[in-house]
Undergrad: 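One structure coming up, written as structure tokens, with questions to follow.
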Amino acid sequence: MLRCQYHGWTYTLDGRLIGTPDVEGVEFFDRSTMGMVPLRVETWQQFIFVNFDLRAEPPGGILGKNSRAGAWISV
């Protein structure tokens, strides 16, 4: 489980919201619509890429296998 330290909301590892302290009785609050959204997360060299499009091409496919492709970025 994951728990937000600020709000106290609790999520399952698949992103479903299962605990919401202080929200009981709030009109029109539906836990089933407040879960986490799936994200695609990948790494390329020293970079982390997060994408909302689960079907997107991997960063390596776009940037190529060239180790100099990200050299212009100063980290």
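These values consider heavy atoms only, across backbone and side chains, with no hydrogens, waters or symmetry-generated copies.
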Undergrad: Which pair of heavy atoms, one from R31 and one from E24, lies closest together, and at what distance?
TA: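 What the structure gives for the nearest pair is NH2-OE2, 2.6 Å.
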Undergrad: Is it true that M36 and L13 fall in one hydrophobic cluster, defined by side-chain heavy atoms closer than 4.5 Å?
TA: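 Yes; L13 is reachable from M36 via cluster members.
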Undergrad: In Å and rounded to the nearest 0.5 Å, what is the NE2 to CG distance from H7 to D22?
TA: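 H7 NE2 to D22 CG: 10.5 Å, rounded to 0.5 Å.
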Undergrad: Do M34 and L2 share a hydrophobic cluster (ILVMFWY, side-chain heavy atoms under 4.5 Å, transitive)?
TA: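 In one cluster with M34: L2, yes.
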Undergrad: Are the side chains of W9 and P21 in touch, meaning some heavy atoms are under 4.5 Å apart?
TA: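 Yes. Closest side-chain heavy atoms under 4.5 Å.
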Undergrad: So, taking the atom named CD in E57 and the one named CG in D53, what distance separates them when rounded to the nearest 0.5 Å?
TA: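 Answer rounded to 0.5 Å: 11.0 Å.
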Undergrad: For P59 and W44, work out which heavy atoms get closest and say how close.
TA: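 Smallest heavy-atom distance, with atoms named: CB-CB, 4.1 Å.
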Undergrad: For atom CD1 of I48, decide whether the heavy atoms of other residues, nucleotides or ligands shown that lie under 6.0 angstrom number more than 12.
TA: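 Open: at most 12 neighbouring heavy atoms sit under 6.0 Å from CD1 of I48.
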Undergrad: How far does CG of D14 sit from OG1 of T12, to the nearest 0.5 angstrom?
TA: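 D14 CG to T12 OG1: 3.5 Å, rounded to 0.5 Å.
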Undergrad: Is there a path from F47 to L39 through hydrophobic residues (I, L, V, M, F, W, Y) whose side chains come within less than 4.5 Å of each other?
TA: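 Each belongs to a different hydrophobic cluster.
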Undergrad: Can you find a heavy atom in the side chain of V41 that is under 4.5 Å from one in the side chain of F49?
TA: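 When only atoms from C-beta onward are counted, F49 and V41 do not touch, as no gap falls below 4.5 Å.
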Undergrad: Apart from I18 itself, which Ile, Leu, Val, Met, Phe, Trp or Tyr residues share its cluster (side-chain heavy atoms under 4.5 Å, direct or through members)?
TA: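 The other cluster members (ILVMFWY side chains, heavy atoms under 4.5 Å, direct or chained) are M1.
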